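Since the model is a prediction, treat every value here as computed from it, not as a measurement.
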2 protein chains.
Amino acid sequence: MLQVLQAEFADVTISKIRFLEAEGLVTPARTAAGYRKFSASDVERLRYVLTAQRDQYLPLKVIKEHLGAMDRGLRPTPGGPPAAPQAAEPAGLPVAEDFGADRTELKLTREELRAAAGIDEALLEQLESHQLIVARGNHYDGDAILVAKAAAQFGQYGVEPRHLRPFRAAADREVGLIEQVTGPRRTERTQELAALAVRLHAALVRSRLPR
Amino acid sequence: MLQVLQAEFADVTISKIRFLEAEGLVTPARTAAGYRKFSASDVERLRYVLTAQRDQYLPLKVIKEHLGAMDRGLRPTPGGPPAAPQAAEPAGLPVAEDFGADRTELKLTREELRAAAGIDEALLEQLESHQLIVARGNHYDGDAILVAKAAAQFGQYGVEPRHLRPFRAAADREVGLIEQVTGPRRTERTQELAALAVRLHAALVRSRLPR
DNA sequence: TCAACCCTCGACCAGCGGTTGAGGCCGCCA
DNA sequence: TGGCGGCCTCAACCGCTGGTCGAGGGTTGA
């Protein structure tokens, strides 16, 4: 139960979560026996907390205010307190490895995608030409933002989209494997297997890193 | 002398300034007798420190880095961190799924590994034969546990180690890419890139999952 | 000369963000 | 059916950050 969370973000410990709960930052449901039960949105919330802490050095007190504001229908902003509701600016939202999230259901225009990921047209074109990002109809989903952001960060290290093609190939193979097991429709098992695949991948990469 | 500063920011005390000096955030000149003498730029600096602290909750360590970067000629941003020479990602830069964790430093015997992951000898042998797990000397590290657990879970879906070989190949390719960028030694950047690779991978897998 | 202000240096402190450990319940597997 | 791992709570403890305080002493100016 906790394993899943641990695999997804490695520096979360059980005591940290308990602490965060005690501070009122998450409130997981409980089983009849009193065990914590984390919903997809709890995980989303935790990811928001952890990334805000790490990337923006925000104290928990402030993060808590942000979450509270978000709960009351405001939008999170990349840096600074939550702002009033605005058009579509999903940037800064928790970047979740949460396979049940409804981020998939976002529908972004090309412009919105670029704005959200902070990338320029040239990069987006390259990403599409290598099929790292693919439009559905003429919209993009939330995963496209994540891909674009990651690609942009790779760019800062001099890694270009064409170098990233093996990632696409690997993802395709994994998805193929998953579909062989669970069939061509997206079910809960599909999502479980996807999470599993990502965990395996992460562990393998880490295990092969130079010492 | 200090009065001037006090008038400008209410909550600056003399001891706070002494503390900030001790931390290397300001270095006012001294009079012959050893008294601090604040130049206009010292005051400016202090203003930056105090506002960054108050408005952005930045820890002094980070503020100090920003000041250092500004000293080295980077653009001083009004109410924000100095921008890197070229367009950098706003916030959310490095990530770490804890690629620096000391899990790597575990040394497990074969038995310990099997016990920790809850797998049997046969499975472990298969994993080794496909090089999903590799011993170092005759010990295994903590990542091996994660790999083994994930493989065991795949097993429950009928996915066997040999089906997982593409994962190994993908991980190897990614590590190869990372090493090309950061060299063959493990540094902080290696770990950042590894985390980045895993995130990209996760986003790609998700984006390709059936709807 | 003396009050008012500055200096240094070491001790001390409060709050934050957790970790640890004791003592106990849950659930599964042998 | 009992043993064992994993989760639970609650209280104590911990290390780090960001300072404050006080003793002991020099400087300045009326």
Touch class at under 4.0 angstrom, heavy-atom based, for B:Leu20 against every strand present: nothing
For atom CD1 of A:Ile14 and atom P of D:dG5, their distance in whole Å: 16 Å
Listed partners of B:Glu111 passing side-chain hydrogen bond (donor to acceptor under 3.5 Å, both in side chains), at least two apart: B:Arg114
Interatomic distance, B:Leu60 CG vs D:dG19 C1' [rounded to whole Å]: 9 Å
Shortest non-hydrogen contact between A:Leu127 and A:Ala148, atoms and distance: CD1-CA, 4.1 Å
Rounded distance (Å) that lies between atom C1' of D:dC7 and atom CZ of A:Phe38: 11 Å
Report, one pair per line, the protein and nucleotides 23-28 of chain C atoms (nitrogen or oxygen only) whose separation is under 3.5 Å.
none

Bending between helix ends of the helix from C:dT1-D:dA30 to C:dA30-D:dT1 [5 pairs per end, 10° resolution]: 10°
Distance in Å, A:Glu23 CD paired with A:Arg18 CZ, rounded so as to fall on 0.5 Å steps: 14.5 Å
Backbone N/O of B:Tyr48 and side chain of B:Thr51: donor-acceptor pair under 3.5 Å: yes
Pairwise distance CZ(B:Arg162) to CG(B:Leu132) - rounded to 0.5 angstrom: 13.0 Å
Reported CG-to-CZ distance for the pair B:Leu193 and A:Phe154, which is rounded to 0.5 angstrom: 5.5 Å
Closest to the B:Lys61 side chain, choosing from C:dC7, C:dT19, D:dT17: D:dT17
Interatomic distance, A:Tyr57 OH vs D:dC16 C1' [rounded to whole Å]: 16 Å
Distances for protein N/O vs nucleotides 9-11 of chain D N/O pairs under 3.5 angstrom?
unit_1 : atom_1 : unit_2  : atom_2 : d
D:dT9  : OP1    : A:Arg30 : NH1    : 3.3
D:dT9  : OP1    : A:Arg30 : NH2    : 3.2
D:dT9  : OP2    : A:Arg36 : NH1    : 3.3
D:dT9  : OP2    : A:Arg36 : NH2    : 2.7

Residues forming a side-chain hydrogen bond (donor to acceptor under 3.5 Å, both in side chains) with B:Arg45, sequence neighbours excluded: B:Asp71
Donor-acceptor pair between B:Gln180 and A:His163 side chains, under 3.5 angstrom: no
Residue-phosphate contact under 4.0 Å: A:Thr13 side-chain N/O, C:dG18 OP1/OP2: no
Inter-residue atom distance B:Ser207.OG - A:Ile145.CD1, 0.5 Å rounding: 12.5 Å
Those residues that, when tested against A:Glu21, pass side-chain hydrogen bond (donor to acceptor under 3.5 Å, both in side chains) (two or more places apart): A:Arg30, A:Arg36
Spacing between A:Ile17 atom CD1 and C:dG17 atom C1', to the nearest angstrom: 15 Å
For atom CZ of A:Phe19 and atom C1' of C:dG21, their distance in whole Å: 18 Å
Interatomic distance, A:Leu58 CG vs C:dC16 P [rounded to whole Å]: 15 Å
Whole-Å distance separating the CD atom of A:Glu23 from the P atom of C:dG15: 13 Å
Chi angles and distances behind the side chain to side chain donor-acceptor pair (under 3.5 Å) call for B:Glu128, B:Tyr140: CA-CA 11 Å; B:Glu128 291 194 283; B:Tyr140 300 85; 2.9 Å; yes
Check: B:Ala169 main-chain N/O paired with B:Asp172 side-chain donor or acceptor under 3.5 Å: no
B:Gln53 side-chain proximity, nearest of C:dT19, D:dT20, D:dG19: D:dG19
